[in-house]
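In what follows, a structure is listed as structure tokens, so that the remarks can point back to it.
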Number of protein chains: 2
Amino acid sequence: MNSTSSNPAADPAASGSPSFRPLYQQIKALITKSLQAGEWKPGEMMPSEVELAGRFKVSQGTVRKAIDELAAENLVVRRQGKGTFVASHAEERAHFRFLRLRPDEGLPHHPENRFLEVKRIRAPAEVARLLDLKAGDAVVYIKRVQSFEGKPTILEELWLPGQLFKGLSAERLVEYKGPMYGLFETEFGTRMIRATEKIRAVAADAATADYLKVPEGTPLLCGERVSFTYGDKAVELRRGMYLTEQHHYQNELS
Amino acid sequence: MNSTSSNPAADPAASGSPSFRPLYQQIKALITKSLQAGEWKPGEMMPSEVELAGRFKVSQGTVRKAIDELAAENLVVRRQGKGTFVASHAEERAHFRFLRLRPDEGLPHHPENRFLEVKRIRAPAEVARLLDLKAGDAVVYIKRVQSFEGKPTILEELWLPGQLFKGLSAERLVEYKGPMYGLFETEFGTRMIRATEKIRAVAADAATADYLKVPEGTPLLCGERVSFTYGDKAVELRRGMYLTEQHHYQNELS
DNA sequence: TAGTGGTCTAGACCACTAT
DNA sequence: TAGTGGTCTAGACCACTAA
């Protein structure tokens, strides 16, 4: 396949792209668009490489390279002999991808959740800025405490665009088993695919100390996370206070 | 190339591997061995794909896939039209790979260094355990304070295997411009390729508070890093106390 | 046995860099 | 112009899964 081919996607003039763009990148973009549109739902198998190659009129190798990158970005999961599947936060293996807080020894446990508040409010300026909304736009506000083995360890506040999370209620959150991100993608069609996190050390204020049952002034990890869905659209702001007396934040540098 | 080929690396019996192992993985291992042996030094260009394909008696595509993975692991850097180069910590672009502490606004600056101690000691049990040494083995101990714009921000302690870092002195550290990892790879032939980090929040003790010129009890980020070289061999333990009043630890989740 | 992803090859051509 | 990495193809065969 080259630029003299009849394949429209490979023709820069037809694609409207002024500069050279590899075919497999264009295929990747098309597949991503289908993922975003929900053509194949999380957990489902997507069409085989051969089938996609036929649909896009390119070789299987080109589809392969496109899917390789999607797999590297955790958007899809390849399973030899079975097929390629849309990644899902509902799967066990995905649970710890965004959960970096680990007990000092042993394997991570699933925390017990206690929801303190779930309500719709108008976005404060700072929240609106980070979520790319207008100040005053509706957002869902969630406040919860997570405990490990009965010990309160995480105090977390979340802000979600109200537009995308209509009908999200405390009942629904409590009743859903598994990670919140699973609920978000299953019930609200919003899948988190990456996030940025800023971490600092702070002293517990009176209210936080009370929730975590520690003395005021106790040093806590403070993490601010902004999560993004397809198209680098910010869809979650999360501020967490982490008690790190028996836990630590684990990170791999490479 | 298939299992009936005359290529010894592709023959499981000849390679001594009982189970199936892709050819490109074997090639990757061979190239890694050459990197480890210093056949090509950091910053140097390594042989072209065609040349390596000839040497290993495989197709260029197979070498390509091997190098693709090495590039993904930051062991080498590809430059179109030029060649493939051995990655180096001495290069500007690598400076911030392991440096996650950022100023709250603006781009990261290079800190000013003040070395408080550089000496050879016997490894305490805990250090020996993490570096896979025997308690009492010689280690180089380094203690330093890093300041940004004159403000002390990081108090760091390092332990390095004495065996690998003979002749490392305060003078050499002070005189070397650029990141320590650059010095380590240039002068001591030890290249850090990945690390694990555990982070928690702690209160500054009297000594630390003094170094960082903050009140005792100030919340600090405490990071413990173990760095590894080729073959997943631990070669550095680093414990840092970070003042996060004007800085934060930045992380990308994906 | 059929279908899927995974590996490997050989060859053509493109984009980029240096000379 | 020559050499490098980057893209794309077509086809063969392997490993794994499920019916």
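Chain letters run A, B, ... following the sequence lines, proteins first, then strands; residues in each count from 1. Just so you know, these numbers come straight off a predicted model, no measurement behind them.
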B:Ser59 has a side chain; which of D:dG5, D:dA15, C:dA10 sits nearest to it? C:dA10

Counting only Watson-Crick or G-U wobble pairs whose two distances fall under 3.5 Å, which nucleotide matches C:dT17? D:dA2

For atom CE of A:Met45 and atom P of C:dG3, their distance in whole Å: 12 Å

Over how many whole Å does the gap from B:Phe20 atom CZ to C:dG5 atom C1' extend? 12 Å

Does the side chain of A:Arg79 get closer than 4.0 angstrom to OP1 or OP2 of D:dC16 through an N or O atom? no

Among C:dG5, D:dG5, D:dT9, which is the nearest nucleotide to the side chain of A:Glu49? C:dG5

Interatomic distance, B:Arg78 CZ vs D:dT7 P [rounded to whole Å]: 9 Å

Whole-Å distance separating the CD atom of B:Glu51 from the C1' atom of D:dT4: 12 Å

Does C:dG11 have a Watson-Crick or wobble partner in any strand here, with both distances under 3.5 angstrom, and which is it? D:dC8

Side-chain N,O (B:Lys65) to OP1/OP2 (C:dT7) below 4.0 Å: yes

D:dC8 phosphate, OP1 or OP2, under 4.0 Å from A:Thr62 side-chain N/O: no

Protein-nucleotide distance (A:Leu23, atom CG; C:dA15, atom C1'), rounded to Å: 15 Å

Considering every strand and a 4.0 Å limit on heavy-atom distances, what is the contact class for A:Gln80: base, sugar-phosphate, or nothing? base

Between B:His89 and the options B:Tyr176, B:Phe98, B:Phe184, B:Phe188, the ring-ring contact (aromatic ring centres under 6.0 Å, His included) test singles out B:Phe98

Could you check, using the six-membered ring where one of them is a Trp, whether B:Tyr242 and B:His248 have ring centers closer than 6.0 angstrom? no

Just the rounded figure in Å: distance from P of D:dT4 to NZ of B:Lys82. 15 Å

Measuring to OP1 and OP2 of C:dG3, would you say a side-chain N or O of A:Ser48 lies under 4.0 angstrom away? no

Tell me: CD of B:Gln60 to P of C:dA12, nearest whole Å? 13 Å

Does A:Pro22 offer a backbone N or O that forms a donor-acceptor pair with the side chain of A:Gln25 under 3.5 Å? no

Can you tell me the distance, in whole Å, between the CZ atom of A:Arg64 and the P atom of D:dC13? 18 Å

Donor-acceptor pair, A:Thr62 side chain versus A:Tyr24 backbone, under 3.5 Å? no

Is a side-chain donor or acceptor of A:Arg200 paired with a backbone partner of B:His247 at a separation under 3.5 angstrom? yes

